[in-house]
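Presented below is the structure to which this report refers.
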Amino acid sequence: SRDIPLAAVEVSTGDYEKNGMQYNEGPAYFAVDNDPNSLWHTDWYGESRENHWFQFELTEGYTVDGLRYWPRQAGNTNGTITEYEIQVSNDGETWTKVAEGTWENNREWKIAQFEPQVVKYVRLVSTDSFCDNASIVCASASEIRIAGVKGGALPHAHSFGEWTVTTPATCTEPGIETRTCECGESETREIPALGHTPAEAVRENEKAATCTEAGSYDSVVYCSVCKT
């Protein structure tokens, strides 16, 4: 088998049935326990497929090129995925679709293949599935595996430190602050200009009054920081 060892992955899911433990239905780990009588199952009374995904997070470097899906083996076939997408990501936030297709509604192993690549996350997304109640949407799996070969460095996930001011902002010019990852890569962002801080008005061009003419002066307000 080309299955990636379960010791090299962590699994999670966007949705699972919270009250199914007594029936061996529910959490993601039921789909990686080598037990055909337990299964991952989404909410029994689901109304949306938005979170009907099953995710592998690789903890070691593997080149991944496929996924195997085994529908539920006990009881009915509710939740059997009949249309799917395979999505991959390096940060768990931005996802790329690498495969899509349809599977028959039966109990046989299903396979999805895609171009080999080294990634951190792989998701099986259910875009359609069988349910004997047309008003409910759900997804289930007896077992799910991803396939590939050992090799390839996992994409580096940056761990940036605190932001540090490298160019202070002035009243009229923006500044810059920087933070650096332990790998040495840095990123910057702009600090908005501070704007002027008015001081008290001062008199300039003052002209004293005479016997026949009134005095005058200009009232000027400068910035208390930059003095302009």
Can you tell me which residue among V64, T96, V88, V122 is in a side-chain contact (heavy atoms from CB on, under 4.5 Å) with Q117? V88
Taking the side chain from T166 and the backbone from I176, do they hold a donor-acceptor pair closer than 3.5 Å? yes
Do the side chains of V125 and Y84 join up, straight or via other hydrophobic residues, at under 4.5 Å, putting them in one cluster? no
Any chance CD of E115 has more than 12 other-residue heavy atoms, nucleotides or ligands included, within less than 6.0 Å? no
Atom pair OG1 (T77) and CZ (F130), whose distance is rounded to the nearest 0.5 Å: 4.5 Å
Determine whether L124 and V32 fall in the same hydrophobic cluster, where Ile, Leu, Val, Met, Phe, Trp and Tyr are linked whenever their side-chain heavy atoms lie under 4.5 Å apart. yes
Measure the shortest side-chain to side-chain distance between E100 and T127 over non-hydrogen atoms and say whether it is less than 4.5 angstrom. no
Could you measure the distance from the CD atom of Q55 to the CD atom of Q87? Nearest 0.5 Å is fine. 10.0 Å
Can you see which heavy atom on A99 is nearest to which on F114, and at what distance? CB-CB, 4.2 Å
L58-L6 co-clustered via ILVMFWY side chain contacts under 4.5 Å: yes
One thing to verify: whether R179 and E187 come together as a salt bridge, which I'm taking to mean a side-chain N less than 4.0 angstrom from a carboxylate O. yes
When rounded to the nearest 0.5 Å, the distance separating SG of C138 from NE2 of H52 is 7.0 Å
If you compare all heavy atoms of R145 against all heavy atoms of A31, which two are closest, and at what distance to 0.1 Å? NH1-O, 3.1 Å
Under 3.5 Å side-chain donor-acceptor pair for S129 and R49: yes
Is a side-chain N or O of K110 found less than 3.5 angstrom from the main chain of E104, in a donor-acceptor match? yes
How many angstroms lie between CG in D65 and CD1 in I4, if you round to the nearest 0.5 Å? 8.0 Å
Any sub-3.5 Å donor-acceptor pair from Q73's side-chain atoms to P71's backbone N or O? yes
To the closest 0.5 Å, what do you measure between OH (Y121) and CG (N90)? 9.0 Å
Within 6.0 Å of CD in E204, more than 12 heavy atoms from elsewhere: yes
I'd like to know if the side chain of T82 and the backbone of W103 have a donor-acceptor N/O pair within less than 3.5 Å. no
Applying a strict under-4.5 Å side-chain criterion to I, L, V, M, F, W and Y, I'd like to know whether V11 and I144 cluster together. yes
Between N78 and N76, what is the shortest heavy-atom contact and its length? N-OD1, 3.0 Å
Hydrophobic side-chain clustering at under 4.5 Å (ILVMFWY, transitive links): who's grouped with W44? Put none if nobody. Y23, Y45, I136
I need the single residue from W70, F30, F54, Y69 that forms a ring pair (Phe, Tyr, Trp, His ring centres under 6.0 Å) with W40. Which is it? F54
Would you confirm whether S89, through its side chain, and T94, through its main-chain N or O, come within 3.5 Å as a donor-acceptor pair? yes
Assess whether atom CD of Q113 is packed by more than 12 heavy atoms of other residues, nucleotides or ligands within 6.0 Å. no
Does anything in residues 15-38 pair up under salt bridge (Lys or Arg N to Asp or Glu O under 4.0 Å), and if so which pairs, sequence neighbours excluded? E25-R72
Could you give the distance from CZ (F56) to CG (L67), rounded to the nearest 0.5 Å? 6.0 Å
Between the main-chain N or O of T197 and the side-chain N or O of S224, is there a donor-acceptor pair closer than 3.5 Å? yes
Are side-chain N/O atoms of N205 and D218 paired as donor and acceptor at under 3.5 Å? yes
Can you name the nearest heavy-atom pair linking A7 to E60, along with the distance? O-OE2, 4.4 Å
Taking only residues two or more places apart in sequence, or in another chain, which ones meet D43 in a salt bridge (Lys or Arg N to Asp or Glu O under 4.0 Å)? none
Keeping E143 on the side-chain end and N34 on the backbone end, is there a donor-acceptor pair under 3.5 Å? yes
Would a 4.5 Å heavy-atom cut-off, applied to side chains only, mark T178 and T188 as touching? yes
Apply side chain to side chain contact (heavy atoms under 4.5 Å, CB included) to C183 and F160, showing your working. CA-CA 9 Å; C183 72; F160 289 103; over 6 Å; no
Minimum heavy-atom distance I81-A139, with the two atoms named: CG1-CB, 4.3 Å
Minimum heavy-atom separation for Y222 and K227, please, with both atom names. CD2-O, 3.6 Å
